[in-house]
Number of protein chains: 2
Amino acid sequence: MKPEEEILRYIAQFTTLSQGEAEDIVKTIKVKAFKKGAFLLKEGQVAKLCYFVLKGCVRQYFLVDGEERTTNFYTEGQPVTPYGGTFRQEPSKYYLSCLEDTIVTVGSPEQEALFFAKFPRLESVSRLAIEEELGKSQDQLSTFILSSPEERYRQLLATRPDLLERVPQYHLASYLGVKPESLSRIRKRITIKAD
Amino acid sequence: MKPEEEILRYIAQFTTLSQGEAEDIVKTIKVKAFKKGAFLLKEGQVAKLCYFVLKGCVRQYFLVDGEERTTNFYTEGQPVTPYGGTFRQEPSKYYLSCLEDTIVTVGSPEQEALFFAKFPRLESVSRLAIEEELGKSQDQLSTFILSSPEERYRQLLATRPDLLERVPQYHLASYLGVKPESLSRIRKRITIKAD
DNA sequence: TGATTTTATTAACCAAAGTCAATGACGCGC
DNA sequence: GCGCGTCATTGACTTTGGTTAATAAAATCA
């Protein structure tokens with residue numbers, strides 16, 4: 001599958017596309033490649049663009065007392081919406097950094113308007129997608145906040161095992177809200193129990 | 001201010017209303033009162049309605065091993081959207097219970113359609129509001145998840161001091177992801193440090 | 001009001017995460 | 001291959017939250 005077609009799979013979750021529409025969409029979207037280590041967004045910048053990951057991995061984090069706190073990993077097939085698709089005016093507190101060479105689609109409010117003019121049917125799809133993201137975000141909040149770090153790690157293991165392969169452990173630790181040393185101990189505890 | 005007018009304040013965040021529109025909206029919306037302890041939604045029910053708090057306080061929680069885990073408190077001026085305004089088909093895992101005598105507006109998909117037919121301008125307002133909620137939810141996720149319980153308590157103290165007055169501490173503890181005994185100790189630690 | 005229930009605090013002890021420091025393992029460039 | 005930096009693990013010790021149980025304080029209601 002070409003990376004560009006990843007976005008068709010995403011849209012297909014919400015509606016059915018004709019062959020013509022699909023080809024048209026692939027032709028219309030703007031695609032951009034980033035090198036490992038590149039930033040899609042830095043703290044203080046106003047987010048003018050939004051993204052959708054076709055290939056690679058983007059890490060979202062912010063700084064507290066100079067320390068990075070990872071809040072999300074976006075991989076193939078995920079929309080990168082640090083602010084829920086809203087194009088806010090305020091400068092962002094988040095960084096978006098590529099952990100691998102990454103290919104994304106790029107959207108701006110202007111392109112969005114053109115896109116919806118061309119594919120009006122997809123405007124409601126967009127709304128659905130945002131509501132879906134909100135639901136996920138709230139579920140994540142409720143299941144994550146009230147779990148222990150070990151439970152959170154097991155949860156991650158169950159839902160996104162790919163991340164354990166491709167993301168350094170100290171970033172995962174930050175994502176789980178613990179120090180790298182603790183994650184190391186958690187992993188040890190689990191493998192011992194598994195005997 | 002009449003409770004009904006709370007919703008005008010909310011809408012005013014996103015757009016400007018004429019005097020006529022404002023009066024019309026207040027006349028159109030459906031208002032309902034609940035007694036302390038009443039449920040807006042119970043686990044297993046399919047959420048067919050959404051709410052907006054005019055007066056009072058609603059607690060959202062779900063059960064894990066028979067234990068309540070509080071995920072949100074909704075007070076005056078907040079939309080109650082356990083699933084991002086979406087009317088999902090699935091039965092909810094959440095309870096919505098009134099901590100005080102509470103007055104809310106009630107919305108259904110049908111009423112929503114009628115409402116938007118009458119005030120077409122407000123459909124985009126609704127979209128903005130949902131995106132706003134998503135932004136808030138993601139911010140909450142990032143600031144809460146990666147903080148210690150003590151930091152979370154300080155955060156709550158700073159952002160929603162009203163809750164400390166009106167909500168029993170053991171519900172706050174559940175919301176912060178700790179046991180009531182721990183919250184008690186955290187409070188003690190903080191008052192000692194404050195000397 | 002007094003009695004009863006509900007909610008909050010405190011203490012003692014245990015388990016788990018933080019901190020600091022040292023050591024290993026691995027990858028990368030030279 | 002060697003050296004270097006990055007990342008992961010381990011150990012000793014501290015801090016913090018969970019657990020259990022007892023007690024105190026506050027709210028509720030007859």
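Here is how names work: the chains are called A, B, and so on, in the same order as the sequence lines, proteins then strands, and each is numbered from 1.
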Novice: Name the closest nucleotide to the B:Val178 side chain, picking from D:dG18, C:dA8, D:dT19.
Specialist: D:dG18
Novice: Please report, rounded to the nearest Å, how far the P atom of D:dG18 is from the CD atom of A:Glu150.
Specialist: 15 Å
Novice: Between D:dT9, D:dG18, C:dT7, which nucleotide has the shortest distance from any of its atoms to the side chain of B:Tyr170?
Specialist: C:dT7
Novice: Using the side-chain heavy atoms of B:Lys36, tell me which of these nucleotides is nearest: C:dA11, D:dT28, C:dG18.
Specialist: D:dT28
Novice: In a check of salt bridge (Lys or Arg N to Asp or Glu O under 4.0 Å) between A:Glu100 and each of A:Lys55, A:Lys36, A:Arg166, which one passes?
Specialist: A:Arg166
Novice: Please state whether the phosphate of C:dT10, meaning OP1 or OP2, lies under 4.0 angstrom from any side-chain nitrogen or oxygen of B:Lys179.
Specialist: no
Novice: Roughly, in whole Å, what's the span from NE2 in B:His171 to C1' in C:dT6?
Specialist: 11 Å
Novice: Give a yes/no on whether any side-chain N or O of A:Arg189 is located under 4.0 angstrom from OP1 or OP2 of C:dA17.
Specialist: yes
Novice: Need one value for B:Leu183: base, sugar-phosphate or nothing, where a base atom within 4.0 Å counts as base even if backbone is also close, heavy atoms only.
Specialist: nothing
Novice: Does the side chain of B:Leu63 reach to within under 4.5 Å of the side chain of B:Glu68, using non-hydrogen atoms?
Specialist: yes
Novice: Could you measure the distance from the CG atom of B:Leu172 to the OG1 atom of B:Thr70? Nearest 0.5 Å is fine.
Specialist: 8.5 Å
Novice: Could you check whether B:Arg187 gets within reach of a base, just the sugar-phosphate, or nothing at all, counting any heavy atom under 4.0 Å?
Specialist: sugar-phosphate
Novice: Take the protein atom CD of B:Glu181 and the nucleotide atom P of C:dA11, then report the distance between them rounded to whole Å.
Specialist: 14 Å
Novice: To the nearest 0.5 Å, how far apart are OH in A:Tyr175 and CZ in A:Phe73?
Specialist: 7.0 Å
Novice: What is the distance, to the nearest angstrom, from the CG atom on A:Asp65 to the C1' atom on C:dT19?
Specialist: 16 Å
Novice: Could you check which of C:dG18, D:dG17, D:dG11 has an atom nearest any side-chain atom of A:Lys188?
Specialist: D:dG11
Novice: Quick check on D:dT6: is either OP1 or OP2 less than 4.0 Å from any side-chain nitrogen or oxygen of A:Gln169?
Specialist: no
Novice: Could you check which of D:dT9, C:dA8, C:dA17 has an atom nearest any side-chain atom of B:Pro168?
Specialist: C:dA8
Novice: Nearest whole angstrom, please: distance from the P of C:dA16 to the CD1 of A:Ile186.
Specialist: 10 Å
Novice: Taking atom C1' of D:dG17 as reference, at what distance in whole Å does atom CG of B:Leu172 sit?
Specialist: 17 Å
Novice: Looking at D:dA12, D:dG17, C:dA11, which one has an atom nearest to any side-chain atom of A:Arg185?
Specialist: D:dA12
Novice: May I ask you to check whether A:Tyr10 and A:Phe52 place their ring centres under 6.0 Å from each other?
Specialist: yes
Novice: So does B:Ser184 get a side-chain nitrogen or oxygen closer than 4.0 Å to the phosphate oxygens (OP1/OP2) of C:dA8?
Specialist: no
Novice: Would you mind reading off the distance between B:Arg166 atom CZ and C:dT7 atom C1', rounded to a whole angstrom?
Specialist: 19 Å
Novice: Without decimals, in angstroms, what is the distance between A:Glu151 CD and D:dG17 C1'?
Specialist: 14 Å
